[in-house]
Amino acid sequence: MPADHHTDVAIIGAGPVGLFAVFECGMLRMKTHVIDALDTVGGQCAALYPEKPIFDIPGYPKIEAAELIDKLAEQAAPFEPAYHLGRQVEQLVRAGDGGWRVVTAGGDTITAKAVIVAAGVGAFGPNRPPLDGIGAFEGKSVLYYVKQREALRGKRVVIAGGGDSAVDWALLLADIAARVMVVHRRPKFRAAPENAERLRALADAGTLDLVVPFQLAGLEGSGDQLAAVLVESLDGAKRRLEADVLLPFFGLAMNLGPIAGWGLNLERNHIAVDPATCATNVPGIFAIGDIATYGGKLKLILSGFAEAAMAAHAIHPIVHPGEVLHFEYSTTKGVPGS
Ligand SMILES: Cc1cc2nc3c(=O)[nH]c(=O)nc-3n(C[C@H](O)[C@H](O)[C@H](O)COP(=O)(O)OP(=O)(O)OC[C@H]3O[C@@H](n4cnc5c(N)ncnc54)[C@H](O)[C@@H]3O)c2cc1C
């Protein structure tokens, strides 16, 4: 049964920036509901690189992406946000009282006085190689994200792609996988030069195999378990690589999805905002994090955090009209339960 909810601010996207927006809204006494299409919080950090260390979060010289998300969720918790996970937002329509109604694919609605769109790159998904029958193996022996490196211990792994993800994972798996084979259609890799060099050194030492210049041509296996990956070179040479797992790393398909139809000013698949407030062209709708753009925008988590603070301050008069907002430090105010 679809449910109807009411809140002060609806936040679309539970990535790092959406989570921090819960905290910033909470500090200004604004209740939040957070909606995400994924069935877990954390956005790209949780879905794409949970075990990778991040080095540019202020105050943390090094923190794994999954741990950052745990900390952000913990920081948001005192403000008791309501999470609606596994729910794609399809529509954003005006509510009768001047606010907005967020409508999910399942028909749930969240009516809010203001909306923060923190939807990252939109509905993101991997670019899938066009191989016959690949769907049967996906999620079991064809993986687009590695959630736990340990799960690949002792396996024969084919990695396809020539960018940072392909090279990083080849380096990370070289000493725990039974075999790592890297398939790329060019001899040169587009990864960070020092990592590309390390890859080549491991290949020279015989620790892993570079299968270049080849591209994926087919899969063999039964049920959901892969047995071999077939590859072909441009001049028609063929090879059969016996493998337990294929990791295709051909980048992310970025698709704004339903957001493109909400009447927001877009610039190359991003939402244009006023950098002072993160307001969009539509009153009451704000955008922050990777999806928001303005002159000089840096697509970094730390920029998104600052945008969350600015949006929350700009939304305060909408939620608490007529109330004077005194700027206060968190050290003065504290948080609930502190
Ligand atoms: C491999 C890799 C390494 C990175 N390393 C760093 C780094 O070292 N430092 C750094 O600062 N940044 C790094 N980044 C970038 C960083 O992850 C992003 O800047 C950050 O995730 C943006 O956060 P966000 O909350 O704006 O969006 P996202 O993390 O993309 O989260 C957006 C969420 O919105 C949801 N969503 C989208 N559309 C809808 C919809 N219609 N309905 C419901 N939900 C929706 C998505 O499911 C997603 O969960 C890296 C990224 C990658 C891929």
Side-chain angles (χ1 to χ4, degrees), residues 7-87 116-121 124 145-151 164-165 168-169 172 252 278 286-292 297-313 315-316 327-338:
T7 191
D8 292 332
V9 183
I11 300 173
I12 301 172
V17 176
L19 290 176
F20 194 62
V22 171
F23 174 84
E24 286 295 332
C25 288
M27 291 297 276
L28 301 183
R29 291 185 304 99
M30 302 190 289
K31 293 267 172 220
T32 48
H33 279 227
V34 187
I35 311 102
D36 202 297
L38 301 178
D39 55 12
T40 178
V41 299
Q44 295 174 53
C45 294
L48 302 182
Y49 60 106
E51 291 185 334
K52 274 198 171 186
I54 307 178
F55 299 96
D56 56 356
I57 302 298
Y60 288 101
K62 174 179 174 182
I63 184 167
E64 282 191 4
E67 196 192 343
L68 173 67
I69 295 306
D70 288 346
K71 299 253 178 229
L72 287 165
E74 185 187 330
Q75 197 171 17
F79 301 104
E80 300 177 346
Y83 290 106
H84 305 268
L85 300 177
R87 307 257 193 295
I116 295 180
V117 185
V121 289
F124 62 83
Y145 316 118
V146 182
K147 290 214 164 167
Q148 276 181 320
R149 174 174 173 260
E150 271 305 309
D164 283 311
S165 293
D168 285 2
W169 278 108
L172 282 166
L252 274 185
C278 293
F286 296 75
I288 61 177
D290 274 14
I291 200 155
K297 163 84 180 187
L298 289 177
K299 267 198 188 183
L300 288 174
I301 295 169
L302 66 85
S303 319
F305 289 166
E307 291 158 12
M310 287 187 293
H313 279 78
I315 290 170
H316 181 270
F327 179 84
E328 275 182 307
Y329 292 124
S330 69
T331 40
T332 319
K333 241 196 270 196
V335 296
S338 62

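For this chain, numbers begin at 1 and follow the sequence in order.
Looking at every heavy atom in both residues, P16 comes nearest to G42 through CD-O, 3.7 Å. Contact detail for H316 and L28: the closest heavy-atom pair is CD2-O, 3.7 Å. For the pair D8 and K31, the tightest heavy-atom approach, listed with the atom from each and the gap, is OD2-N, 2.8 Å. Shown here for E64 and P50, the closest heavy-atom pair between the two residues is CB-O, 3.9 Å. What you find for Y83 and A76 is that their closest heavy atoms are OH-CB, 4.2 Å. The shortest heavy-atom contact between T7 and A10 is CG2-N, 4.2 Å.
With a 4.5 Å cut-off on side-chain heavy atoms, E150 and E51 do not count as touching. Within the 4.5 Å cutoff, no side-chain heavy atoms of E24 are placed close to those of F305. Residues M27 and F79 are in side-chain contact: their nearest non-hydrogen atoms beyond the backbone lie under 4.5 Å apart. Side chains of Q44 and L38 form no contact here, defined as non-hydrogen atoms less than 4.5 Å apart. Side-chain contact check for T32 versus I116: every heavy-atom pair is 4.5 Å or farther apart.
Interatomic distance, CD1 of I11 versus NE2 of H84, reported as 11.0 Å (0.5 Å rounding). To the nearest 0.5 angstrom, E307 atom CD is 9.5 Å from L302 atom CG. For the atom pair L68 CG and I301 CD1, the distance stands at 5.5 Å (nearest 0.5 Å). One distance of note links CG of D36 with CG of L19; it measures 9.0 Å at 0.5 Å rounding. Distance CD1/I69 to CD/E74: 13.0 Å, rounded to 0.5 Å. Interatomic distance, D168 CG to Y49 OH, rounded to the nearest 0.5 Å: 12.5 Å.
Remark: F55 CZ is packed, more than 12 non-hydrogen atoms of other residues, nucleotides or ligands lying under 6.0 Å away. Atom OH of Y60 has 12 or fewer neighbouring heavy atoms from other residues, nucleotides or ligands inside a 6.0 Å radius. Heavy atoms of other residues, nucleotides or ligands lying less than 6.0 angstrom from CD of E328 number more than 12.
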- Task: Go through H313 and F327 one step at a time and tell me if the side chain to side chain contact (heavy atoms under 4.5 Å, CB included) criterion holds.
- Result: CA-CA 9 Å; H313 279 78; F327 179 84; 4.0 Å; yes

- Query: Under the side chain to side chain contact (heavy atoms under 4.5 Å, CB included) criterion, do V335 and F23 qualify, and how do the steps go?
  - Reply: CA-CA 9 Å; V335 296; F23 174 84; 3.8 Å; yes

- Item | Candidate pair C45 and L72, rule side chain to side chain contact (heavy atoms under 4.5 Å, CB included), full reasoning | CA-CA 12 Å; C45 294; L72 287 165; over 6 Å; no

- Take V34 and V41 through the test side chain to side chain contact (heavy atoms under 4.5 Å, CB included) and record every step on the way to the result. CA-CA 9 Å; V34 187; V41 299; over 6 Å; no

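A side chain to side chain contact (heavy atoms under 4.5 Å, CB included) with L300 is found for one member of I54, D290, D56 and no other, namely D56.
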